[in-house]
Amino acid sequence: MNTAPHSAILSEPSDKFLCEARGIKHLFTLPTGQTFKVLEDVQIGVHPNEVVALLGPSGCGKSTILRILAGLIIPTQGEVFVHGKRLQGLNPTVGLVFQSFALYPWLTVLENIEFVVQSQVLSPAERRQKSLQVIAKVGMSGFEEAYPRELSGGMKQRVGIARALAVNPELLMMDEPFSQVDALTAEGLRAEVIDIWTDKERNPSAIVMVSHDIKEVVYMADRIVVLGASPGRVRTIVNNLLPRPRDYRSPEFLRLVDQLHEIITGHELPDQSSSVSPV
């Protein structure tokens, strides 16, 4: 057990984190004019070379946290730091993978990737070459001229992942990226994303993902941030020490799934961080 309470996890801004959120509180204004507190005193830091999962019930603010870390939402209170420096505007280290694919339907696979690569100072030939490389990385070679309507859900998400990788992100953020595909396709995509991440010669250095799927986060994550709702806050952080590659059917894997289920459903109420080893 790690006995550090949550409030002490981040004592001060530090460049040892790729990205960190400190003292985050966020309110949404409802159509009636009333305010709704989504997040309360959220503190999360992301280290290099790790996969962090945000896990919790619907409405606990997981996607809001992700967007705050990416600089897409300015929190009502608190701050985000990137390499120890206060974030101003969008987080330049981030590549985003969305739940709904978010492809331009009038562009081909190659054109969808090239559209993102245009932000980089590259010649047209270099942009084309880079786009082809990330398309190959996600197993979509041969579909460069296909339009999104011609692709399956899993293929669309591969293109979404390729588009995020095309900007050379130090931090890959994924918002329920496999929830729109079937279970078998999702299993394959999870393994492929981990394979890409474990190639230390290239970015991304770290991944932050949002998920409702306990087995998914046990398979992918090194640290699992369990959130409570109304308002969203960190209940506990579980360190997943299971060795990779992970087996969905192993007793150790299933034991951790059961533990997380107990935490989320309220049968176990930890107020401190914990570590789960393979034994």
Side-chain angles (χ1 to χ4, degrees), residues 9-29 35-56 59-104 112-113 115-121 134 157 160-177 193 196-197 202-211 221 223 225 227 231-234 237:
I9 291 172
L10 302 178
S11 59
E12 60 182 20
S14 171
D15 59 7
K16 73 178 181 178
F17 295 110
L18 295 181
C19 183
E20 60 176 314
R22 294 178 48 80
I24 297 298
K25 173 182 177 181
H26 193 64
L27 303 175
F28 281 138
T29 302
T35 57
F36 174 71
K37 186 184 291 186
V38 183
L39 299 173
E40 177 67 39
D41 193 29
V42 171
Q43 300 198 108
I44 294 174
V46 183
H47 296 91
N49 305 316
E50 71 169 348
V51 179
V52 177
L54 306 179
L55 178 67
C60 69
K62 300 184 297 296
S63 295
T64 302
I65 293 171
L66 198 74
R67 284 161 171 73
I68 288 172
L69 289 172
L72 295 173
I73 294 176
I74 299 174
T76 304
Q77 183 176 308
E79 293 180 297
V80 174
F81 295 85
V82 177
H83 291 289
K85 297 181 179 179
R86 187 175 288 102
L87 178 64
Q88 302 287 342
L90 296 177
N91 188 335
T93 70
V94 165
L96 277 166
V97 179
F98 299 96
Q99 177 181 353
S100 59
F101 314 133
L103 303 179
Y104 295 114
N112 263 283
I113 307 301
F115 183 85
V116 175
V117 179
Q118 286 178 4
S119 62
Q120 301 174 30
V121 183
V134 295
Q157 195 57 297
I161 294 168
R163 188 173 54 184
L165 295 174
V167 300
N168 295 323
E170 186 175 33
L171 183 54
L172 182 66
M173 292 189 173
M174 311 177 76
D175 190 356
E176 297 191 62
V193 168
I196 291 170
W197 167 72
R202 303 177 180 87
N203 282 335
S205 171
I207 297 172
V208 179
M209 62 179 295
V210 165
S211 180
R223 286 196 298 133
V225 180
L227 298 162
R233 63 178 75 231
V234 178
I237 299 177

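Around CZ of Phe28, the count of heavy atoms belonging to other residues, nucleotides or ligands within 6.0 Å exceeds 12.
For the pair Val94 and Pro204, the minimum side-chain heavy-atom distance is 4.5 Å or more. For the pair Leu39 and Ile65, the minimum side-chain heavy-atom distance is below 4.5 Å. Looking at heavy atoms from C-beta onward, Val42 lies out of side-chain contact with Ile68 at the 4.5 angstrom threshold. Looking only at side-chain heavy atoms (C-beta outward), Arg163 and Leu103 come within less than 4.5 Å of each other. The shortest side-chain heavy-atom distance between Val193 and Met174 falls under the 4.5 Å cut-off.
Of the possible polar contacts, none joining the Asp175 side chain to the Val210 backbone as a donor-acceptor pair under 3.5 Å is found. A side-chain donor-acceptor contact under 3.5 Å links Gln157 to the backbone of Phe98. Thr76 places a side-chain N or O within 3.5 Å of a backbone atom of Leu27 that can act as its donor or acceptor partner.
Smallest separation of non-hydrogen atoms from Ala221 and Ala53: CB-CB, 3.7 Å. For Cys19 against Val80, the heavy-atom pair with the smallest separation is SG-CG1, 3.9 Å. Taking all atoms of both residues into account, the shortest heavy-atom contact from Leu87 to Pro92 is CD1-CD, 4.2 Å. Nearest heavy-atom pair, Leu69 versus Asn91, reported as atom, atom and distance to 0.1 Å: O-ND2, 3.1 Å. When all heavy atoms of Gln43 and Gly23 are compared, the closest pair comes out as CG-N, 3.5 Å. The shortest heavy-atom contact between Pro177 and Val97 is CB-CG1, 4.0 Å.
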**OP:** Determine, step by step, whether Leu172 and Trp197 satisfy the side chain to side chain contact (heavy atoms under 4.5 Å, CB included) criterion, reporting the C-alpha distance in whole Å, the side-chain angles of both residues, the deciding distance to 0.1 Å, and the verdict.
**Re:** CA-CA 9 Å; Leu172 182 66; Trp197 167 72; over 6 Å; no
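With sequence neighbours left out, Leu72 forms a side chain to side chain contact (heavy atoms under 4.5 Å, CB included) with Arg67, Ala70, Leu90, Leu96. A search for side chain to side chain contact (heavy atoms under 4.5 Å, CB included) contacts involving Pro48 returns Leu18, Ser205, not counting sequence neighbours.
Annotation: the span from Glu40 atom CD to Gln77 atom CD amounts to 7.5 Å, rounded to 0.5 Å. From Thr93, atom OG1 reaches atom CE of Met173 across 6.5 Å, with rounding to the nearest 0.5 Å.
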